[in-house]
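Only heavy atoms go into these numbers, but all of them, side chains included; no hydrogens, no water, no symmetry mates. Model, not experiment: these values are computed from the prediction. Order of the sequence lines sets the chain letters (A, B, ...), proteins ahead of strands, with each chain counted from 1.
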Amino acid sequence: MRNAYFILAALAVAAVTFAVARSIDNAYVFFAGYVVLQYIVLATAWNILGGFCGYVNFGIAAFFALGAYTTVVLHKTMPFLPLPAMMLAGGVVSGLIGLGMGYLTLRLRGTFFSIATLAMAVVAQTMITNWNFVGGSRGAYIIRPADSPIFSGDYIQYLFVVMLALSVISVSLARAIQFSRLGFGFSAIRDDEGAAEASGVPTLKLKLIATALSGGLMGMAGAPLPYYVTYLDPASGFSLSYAVNTIAMPLIGGTATWLGPLIGAILLGTLQQVATVTISSALSLLLVGVLLVTFVIAAPKGIVGWFKK
Amino acid sequence: MSGLLLGGFYAAVTIGVSISFGMLDIVNIAHPAFIILGSYTAYIANSVFGFDPILSSIVLLPAFYLLGMAIYHIYDVSFERRGDASIRGLAFFFGVLFITEVTLVLVFGVDYRLVDAPYIGPSLHFGPIDLPLRLLVPFLVSCALIGSLQLFMSYTFLGRAVQAVAQDPMALRLMGANPSKIKRIAFGLSIASCSVAGAILIIIQPVEPSIARDYIGRIFAICVMGGLGSFSGTIIAAIILGVMESLTSTFYGPSWSPAVAFGFLLITLAVRPSGLFGRT
């Protein structure tokens with residue numbers, strides 16, 4: 001029941017956000033807001049595996065870009081599909097990849113999983129670069145429709161609303177998991193996997209659920225990307241900055257709860273948008289790296305940890 | 001043949017990780033970034049002062065050693081003593097990797113950089129076999145590097161102490177020795193090897209900051225395949241990977257070769273996680 005109230009509240013916040021963005025009446029607000037929302041989804045998704053279970057996934061860019069490239073493929077073969085259907089497809093593809101990766105490596109120590117995901121990003125990029133159907137290394141062009149299909153307004157507003165809905169879904173999902181049997185199983189794995197296994201927690205099954213959920217959400221976050229950028233090439237789709245941002249946000253916000261990634265993503269995402277406009281994009285990435293290292297060393301519980309003593 | 005020489009070079013690149021990841025259990029994913037840093041210091045020494053890249057990298061060894069000690073010190077104080085080394089340690093090194101890369105981009109830009117040395121152009125000819133010196137020299141240097149590290153590990157007191165830490169840090173602590181001090185030295189050595197590895201990297205191929213990422217998969221694939229911390233295993237695994245990669249790039253095109261390392265890594269992890277030559 002508490003979940004239902006939470007979802008209603010989240011929807012209300014989302015509606016207010018959209019109303020405020022509409023009242024400003026400037027397309028840039030939607031472009032910048034979209035990126036922040038996208039990072040809310042990515043950070044929350046990462047945290048389901050990284051924060052709750054304690055398994056670090058470095059292959060965010062791979063899951064994210066696979067979602068985006070699923071859209072490119074669907075756009076070329078079945079252009080009549082609505083965007084939410086494409087996102088679902090992207091989520092399924094990335095979720096399955098996550099499941100396969102997890103099945104091969106999660107039985108080992110956590111570090112092997114991390115290294116394997118890191119290498120997977122490079123390989124997925126190699127595959128896409130060599131796949132001519134989706135543009136290969138030249139990249140793919142996607143024409144963004146001019147108007148939103150469901151309400152009057154620019155198409156970017158539609159993308160914004162879709163991403164807003166996805167962030168409501170992922171944050172609610174993360175919160176629901178945190179307070180469910182699943183979540184308790186996850187934290188048991190994080191705290192002491194051997195003890196959890198011995199007390200009858202089905203660790204491999206839970207880890208696979210977490211990997212698939214987390215990968216699937218990342219894929220869904222990536223699916224609208226081709227419409228957002230209108231030109232997608234492997235180098236930008238697999239950019240390491242997605243991985244750094246997505247890992248930095250939960251760690252800065254605090255990894256143990258659903259709230260941490262949300263706070264981290266809003267703060268860091270906004271800061272980065274401002275820094276990109278006012279300083280330069282390379283420096284804003286450097287800023288994220290430095291913040292990540294600083295927080296990991298100095299404030300291991302993140303911003304949420306400051307308030308919970 | 002060029003695969004064999006390439007493998008020797010990969011062994012030199014990996015040897016540092018064999019020490020840090022294999023022996024000390026520190027997952028230093030920023031290692032390739034330090035190798036690129038080594039390439040750039042060799043590049044500066046070469047293009048600004050006109051020194052030989054390999055000689056200058058040997059001169060710079062102490063600087064990299066100190067850098068490694070400093071990084072280990074931060075790591076030790078903030079993570080190992082608190083006992084939550086796994087996630088935060090990984091994130092820390094990931095941040096370090098990223099900072100190093102972005103800094104290099106900001107300072108040098110994303111252009112490919114080259115060095116100049118007398119042995120880069122010509123080749124040796126033995127009947128039908130061509131040995132390009134720009135692969136042969138790195139191969140010999142990396143053999144020397146690994147050989148000297150192996151001698152250090154087997155015959156000196158410190159080297160044996162490092163091996164003791166690798167086997168059982170708890171027992172070492174009970175004997176009254178301080179494992180972090182020894183680990184700091186070993187980690188310093190691991191980063192020091194980046195200086196030489198970086199210099200031979202820039203001899204073999206032009207370097208730009210983001211190629212560090214291509215090496216992450218390779219390095220860890222070799223390290224795991226070679227059985228974590230075994231030097232001879234590392235060399236054999238590196239040569240296997242080098243040969244496989246050069247065959248792949250001959251038959252399917254160079255754009256596929258990064259996938260080889262990952263395939264190896266995944267198969268090794270799934271089938272035989274202790275490596276081809278690992279104990280148990």
Side-chain angles (χ1 to χ4, degrees), chain A residues 50-51 53-56 58 100-101 103-116 118-127 129-130 136-137 190 235 238-241 243-245 247-248 250-251 255 280 282-298 300, chain B residues 17 21 25-27 29 74-75 77-79 82 84-103 105-106 109-110 210 212-221 223-224 252-253 255-271 273-274:
Chain A
C53 294
Y55 276 78
V56 181
F58 287 120
M101 278 289 302
Y103 189 73
L104 283 176
T105 55
L106 277 178
R107 277 170 294 183
L108 303 163
R109 277 166 48 215
T111 37
F112 288 122
F113 173 75
S114 307
I115 296 164
L118 199 58
M120 185 187 77
V122 175
V123 173
Q125 186 174 359
T126 312
M127 302 253 176
T129 311
N130 284 292
S137 55
R190 179 188 56 208
F238 285 90
S239 163
L240 194 67
S241 56
V244 173
N245 281 325
I247 293 173
L251 285 170
T255 50
S280 82
L283 267 179
S284 82
L285 283 175
L286 187 62
L287 185 74
V288 174
V290 172
L291 273 177
L292 170 64
V293 170
T294 320
F295 263 85
V296 163
I297 292 174
Chain B
V17 171
F21 181 43
D25 212 16
I26 299 169
V27 192
I29 50 173
I74 299 174
Y75 176 80
V77 169
S78 11
F79 308 110
R82 284 195 211 143
D84 55 353
S86 58
I87 304 183
R88 284 168 215 293
L90 270 173
F92 168 72
F93 282 118
F94 191 65
V96 170
L97 165 76
F98 197 69
I99 292 174
T100 315
E101 189 180 317
V102 176
T103 313
V105 169
L106 285 174
V110 290
S210 73
R213 275 175 254 160
D214 299 345
Y215 279 89
I216 294 174
R218 269 182 207 140
I219 286 175
F220 282 95
C223 184
V224 171
Y252 299 98
S255 56
W256 279 108
S257 60
V260 176
F262 176 74
F264 261 98
L265 178 65
L266 210 57
I267 293 169
T268 317
L269 285 179
V271 179
S274 55

Side chain, backbone, both or neither: which part of A/A248 has a non-hydrogen atom closer than 4.5 Å to chain B?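 Neither part, no heavy atoms under 4.5 Å.
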Side chain, backbone, both or neither of A/M120 within contact of chain B (heavy atoms, under 4.5 Å):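 Both parts, heavy atoms under 4.5 Å.
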B/I99 versus chain A, the contacting section by heavy-atom distance below 4.5 Å: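 It is both, since atoms from each part get that close.
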Could you walk me through whether A/V293 and B/F98 pass the side-chain contact (heavy atoms from CB on, under 4.5 Å) check? CA-CA 10 Å; A/V293 170; B/F98 197 69; over 6 Å; no
For A/F58 and B/I29, what are the C-alpha separation, side-chain angles and deciding distance, and is it a side-chain contact (heavy atoms from CB on, under 4.5 Å)? CA-CA 11 Å; A/F58 287 120; B/I29 50 173; 3.6 Å; yes
For B/G95 and A/L292, work out which heavy atoms get closest and say how close.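 Closest approach of B/G95 to A/L292, heavy atoms only: CA-CD2, 3.7 Å.
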Chain B contacts, top residue of A/I247, A/L291, A/V244 (heavy-atom pairs, under 4.5 Å):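 Option with the top pair count is A/V244.
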